[in-house]
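Everything below concerns the one structure shown next.
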Protein chains: 2
Amino acid sequence: MGVSKLEIYPQYVNDIAQIAKVFSHPARVAIMQYISTQESCICNDIVEEIGLSQSTISQHLKVINNAGLLKGTFEGKSVCYCIDIERFEMFQKIVDTFFNRTKQNCC
Amino acid sequence: MGVSKLEIYPQYVNDIAQIAKVFSHPARVAIMQYISTQESCICNDIVEEIGLSQSTISQHLKVINNAGLLKGTFEGKSVCYCIDIERFEMFQKIVDTFFNRTKQNCC
DNA sequence: ATTTAATATCGTAATATTACGATATTAAAT
DNA sequence: ATTTAATATCGTAATATTACGATATTAAAT
C-alpha cells in the first residue's frame, strides 16, 4: 500500500522513527551541521553551501522546522535560522535512551 | 527527480543519513526493540508481535540486516536473529558524535 | 509607489518506500 | 521421498519523497 501503519506502534516507537526521519536525508544532516557552524544563518548561504536548488533547500528546512528544531528570526529581508538547542538535546536524549535500552536488553 | 544526490555530501554526512534511515520506520524500531528483549529471535514471533504481514516483516529485517545490525544463525527450520552489538554501538557512537558536534558549534 | 533580494509555495516529474498476497526456498520431521 | 513449518523473494498497487523551475510573498531599499 505504501502507507506506514502508525497506529499499531506505541507512541515512543513512532517518536523515534519520526526523529530519525529528519536525519535520514543527507541534505538535512548537512543543513543542520552548517547552521550550527554559523553565528546566525541565512538561507541563501545554505543554498550555495549545499548545492541544491533554493526551493529544494527551502523544502528541507521546512521538514527540519516542522520537527521543531529551528528557531527563526527575521533580520531584514532574510530569515536567520538557529537550531533550537533544547529541542535538539531532547532528541539526542530520546535517541540515546533507545540505543541504551536496546543494548542493555540484548542477547 | 526523486533521487537524492548523494555525491554532493561528505561521506560522514551520508553515513549519518543512512543510519537514520534504518530507524526512520517504526516497524524497524519496534523490531530492533523486540529482538533485543529475546534470548534469540525467530521471525515468526516478530510477525505476531508487530502485526504486519510475514513478507513485510521479512523486508524490514532485510533493511536492518543490510545495515549490518543483525547476526543470524540457523537453528533448525528457523533463523535466530540477534543484534550485532558491536555494530549497534558503532552506530550509537556516530550518532552521538553528530549530536555533540552540532550542539557544540551552535549559536 | 517601485524595485530588489530573500525565502516560501505550487505544480509536476522521477524515483523510493511500504505493504501484501502468492509463490519459492530451505531444512527438519515423518 | 514427502510433508511441514519458517523464511525469503517476486510482482504489484498505493503512497511518500526528492528535486526543480516558475511563481508568489515579504520586507527593506530606493
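- Whole-Å rounding puts the A:Leu61 CG to D:dT18 C1' distance at 15 Å.
- Note on A:Thr56: a side-chain N or O is less than 4.0 Å away from OP1 or OP2 of D:dC20.
- With hydrogens and angles ignored, a donor-acceptor pair closer than 3.5 Å exists between the side chain of B:Gln54 and the base of D:dA8.
- Regarding contacts with the backbone of C:dA6, every side-chain N or O of A:Tyr81 stays at 4.0 angstrom or more from both OP1 and OP2.
- Ring orientation note: the planes of A:Phe88 and B:Phe98 are nearly perpendicular, at an angle over 60° on the 30°/60° scale.
- Counting only N and O atoms by type, the side chains of A:Gln11 and A:Asp15 include a donor and acceptor under 3.5 Å apart.
- In summary, the side chains of B:Ser55 and B:Ser58 do not present any donor paired with an acceptor at a separation below 3.5 Å, with no hydrogens or angles considered.
- Straight-line distance from the NE2 atom of B:His60 to the P atom of D:dT9: 15 Å, rounded to whole Å.
- Residue pairs meeting the salt bridge (Lys or Arg N to Asp or Glu O under 4.0 Å) criterion with at least one member in residues 43-60 of chain B: none, sequence neighbours excluded.
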Handout entry: Dot-bracket notation for DNA chain D, counting Watson-Crick and G-U pairs under 3.5 Å, with | for partners on another strand
Key = ||||||||||||||||||||||||||||||

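- When distances run from any side-chain atom of B:Ser58 to the nucleotides C:dA19, D:dA8, D:dA19, the shortest one goes to D:dA8.
- In summary, the side chains of A:Gln54 and A:Asn44 do not present any donor paired with an acceptor at a separation below 3.5 Å, with no hydrogens or angles considered.
- Considering only side-chain N and O atoms, B:Ser53 lies under 4.0 angstrom from the phosphate OP1 or OP2 of C:dC20.
- The salt bridge (Lys or Arg N to Asp or Glu O under 4.0 Å) pairs that include a residue from residues 78-92 of chain A are A:Glu89-B:Lys103, where partners are two or more places apart or lie in different chains.
- Taking only distance into account, the side chain of A:Gln59 meets the base of D:dA19 through a donor-acceptor pair shorter than 3.5 Å.
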